[in-house]
**Q** 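Would you mind keeping the following structure in view while I ask a few things?
Residues: numbered from 1 along the sequence shown.
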Amino acid sequence: ASVRSVARLVAELLGRRGGALVGSPYLRAQLSELIAALVPRARLDDALPYDEAARVPLPADEAWREALFDDALLHERLPRGLMQLYIDIERTGRSSQFYDKFNIRYRLALVVRYLWHRPSYAPALERLVAEPGDFFVRFINHNLNDSIFLLDESFDKLRHIHDLERVQADPAALAAQSVQQRREAAVDLRRTVQQVQTYLRLSNESVAMLHYMTSRAAAAFVRPELAQRMANMLNYWLVRLAGPDCAVLKVRARLDDFSPRRLLARITDVLVRLAAATPDGSFERALAADGRSYSGQVYSLAVRHLARHGVGDAAALAGVAERVAAAAAEAARDDDWLADAPDEFLDPLLQTLMRDPVRLPCGEPLDRATITRHLLSDATCPFTRAPLTVDQLQPADDLRARIDAWRADKLQQAAAAAAAARQSSHDDDNDDDDTAPDAH
């Protein structure tokens, strides 16, 4: 009973909106440690599928832990409290806050994973996902920031380990080094292996969160302020994991937390789910619009990897790849016709044609996706630096109507030109048939 009382007290302290009872994120993080310590360890076995881990029979000495979480107050308070802390821990006021947040969020993510797969917590979690405003989007945004940083660090260090091991395996290269150089390389290798183990452990949980949350809440990840960022990130990860240079991630060092096949399967699962969440094809268009990382060849390689190793859904990814390729071809044709857009139709920050323009209090227009994405990390006007919130944005309906009319006219011209070109090609083929020599 005393443990349950402590758990209820911590849930109450964490779960009040905006940290009303305990303002310091660092102090709330210490309180969350008590909750994390109560989660049954068997439920956090990442080697098992999430749903399967949630059904594993618990040993007698852990069953009481599970019973603690069957509490109405915890159902109501814990999901919001943990997610709010996940957001707020970005700044603790401590000099070590940049690295502190990764470890604190890792432990929070373990508890969130446990709650996400408990049916009794589903109503509270679903309310948070559907809640008006940007609470859940800000939560996702911080997860994306961490996932990108941690996986990038992991990939870079794996490549460094690969290079060091290649030199160690080359007698000629070793012979060219001095004893001191070989000693320093060995120390470098041990240090880098230790570092990458930490980064992989943290990044695995961040990617796992994307994976299980998109299974039930994919629509939240393709909101305008997130869709293009998600597309760019997933394309980039495909390049690193399945692209022509993916062999540099293969190392001989034992890394318990690195399974490239599982990571590729999870990332492609997320990609396929987000494409399915946008029947209008908007996410495929976002994937195709990524000029930095999108590659049809990489998608083909990823499909081949999935099929060869029997992981993920190769057929579903192949279907998405086909639609993305079609979207890329269509966008290339459209871009030629839309390249001369009037300056007033262009997003002032990105210089791209606006789809949903809004006006800021300062009077400047911006595409809604651009400014909402900016506000996730900086709650100020990008032009005046004055405080700014989403509810201060005003739809620029007149500007949108002019953009839509201009765009429709240009695309109609493009369609007419394409039809004329096809007709001309057809006529040329008929002329060739008429002048072909008789077969006899």
Side-chain angles (χ1 to χ4, degrees), residues 144 148 151 155 207 210-211 214 218-219 221-224 226-247 260-261 263-339 341 350 352-353 355 367 369 407-408 410-423 425-426:
L144 298 186
I148 291 168
L151 266 188
F155 290 150
V207 174
L210 291 175
H211 188 242
T214 53
F221 290 79
V222 290
R223 289 174 56 162
L226 290 176
Q228 191 60 58
R229 190 172 187 215
M230 288 294 304
N232 296 350
M233 179 185 73
L234 293 170
N235 277 338
Y236 176 64
W237 285 349
L238 282 188
V239 170
R240 298 298 297 262
L241 283 167
D245 294 331
C246 68
R261 294 175 189 175
L263 186 57
L264 179 62
R266 285 181 172 177
I267 287 168
T268 53
D269 282 349
V270 171
L271 192 154
V272 168
R273 289 168 183 167
L274 300 191
T278 53
D280 63 352
S282 59
F283 192 68
E284 281 101 336
R285 290 194 293 274
L287 290 164
D290 174 16
R292 177 191 177 197
S293 300
Y294 169 66
S295 164
Q297 177 195 16
V298 169
Y299 273 73
S300 297
L301 291 171
V303 170
R304 197 178 310 161
H305 281 301
L306 295 180
R308 181 189 308 143
H309 299 298
V311 296
D313 191 336
L317 182 62
V320 173
E322 185 177 336
R323 296 193 296 275
V324 174
E330 181 182 353
R333 291 192 301 268
D334 291 351
D335 286 348
D336 291 339
W337 286 89
L338 301 177
L350 301 183
T352 53
L353 186 66
R355 294 294 188 103
D367 208 14
R407 189 173 187 275
K410 298 295 285 188
L411 294 181
Q412 187 175 14
Q413 293 178 38
R422 287 194 298 271
Q423 183 61 47
S425 176
H426 178 70

**Q** Side-chain contact, heavy-atom cut-off 4.5 Å: Val270 with Phe221?
**A** no
**Q** Which value, rounded to the nearest 0.5 Å, describes the distance between Leu301 atom CG and Leu241 atom CG?
**A** 12.0 Å
**Q** Distance-only criterion, 3.5 Å: show the donor-acceptor pairs between side-chain atoms of residues 306-318 and protein atoms not counting sequence neighbours.
**A**
unit_1, atom_1, unit_2, atom_2, d
His309, ND1, Arg261, NE, 3.3
His309, ND1, Arg261, NH2, 3.4
Asp313, OD1, Ala315, N, 3.4
Asp313, OD1, Ala316, N, 3.0

**Q** Can you give me the closest heavy-atom contact between Phe283 and Leu234, atom names plus distance?
**A**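 Heavy atoms only, the tightest pair is CZ-CD1, 4.0 Å.
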**Q** For a quick test of reading the model, state the closest non-hydrogen atom pair linking Asp367 to Arg355 and the distance between them.
**A** OD1-N, 3.1 Å
**Q** Minimum heavy-atom separation for Glu284 and Ala327, please, with both atom names.
**A**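 Closest approach of Glu284 to Ala327: O-CB, 4.2 Å.
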**Q** Quick one, Lys410 and Leu353 - any side-chain contact, counting heavy atoms below 4.5 Å?
**A**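 No, their side chains stay 4.5 Å or more apart.
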**Q** Would Leu144 and Met230 count as a side-chain contact (heavy atoms from CB on, under 4.5 Å) here? Give the steps.
**A** CA-CA 8 Å; Leu144 298 186; Met230 288 294 304; 3.4 Å; yes
**Q** Would a 4.5 Å heavy-atom cut-off, applied to side chains only, mark Leu238 and Tyr294 as touching?
**A** no
**Q** Restricting to non-hydrogen atoms, name the atom on Tyr236 and the atom on Arg292 that form the minimum distance, rounded to 0.1 Å.
**A**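 Nearest pair, atom of Tyr236 first, then Arg292: CE1-NH2, 3.8 Å.
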**Q** Looking only at atom types and distance, does a side-chain atom of Arg304 sit under 3.5 Å from a main-chain N or O of Ala242, one as donor and one as acceptor?
**A** no
**Q** Could you tell me whether the side chain of Leu210 reaches within less than 4.5 Å of the side chain of Met233, counting heavy atoms only?
**A** yes
**Q** Give the minimum heavy-atom separation between Ala277 and Ala219, together with the two atoms involved.
**A** CB-N, 4.3 Å
**Q** Are side-chain heavy atoms of Cys246 and His305 found at a separation under 4.5 Å?
**A** yes
**Q** I'd like to check Asn235 versus Tyr299 (side-chain heavy atoms, cut-off strictly below 4.5 Å). Are they in contact?
**A**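 Yes, close enough: below the 4.5 Å cut-off.
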**Q** For Ala218 versus Arg273, what's the shortest heavy-atom pair and its separation?
**A**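 Closest approach of Ala218 to Arg273, heavy atoms only: CB-O, 4.1 Å.
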**Q** So for atom CD, which belongs to Gln413, do other residues, nucleotides or ligands contribute more than 12 heavy atoms lying within a distance under 6.0 Å?
**A**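 For Gln413, atom CD is crowded (more than 12 foreign heavy atoms under 6.0 Å).
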**Q** So how far is it from Leu287 CG to Arg323 CZ, rounded to the nearest 0.5 Å?
**A**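 The CZ atom of Arg323 is 10.5 Å from CG of Leu287, to the nearest 0.5 Å.
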**Q** Hey, could you give me the CD/CG distance between Gln228 and Leu350, rounded to the nearest 0.5 Å?
**A** 10.0 Å
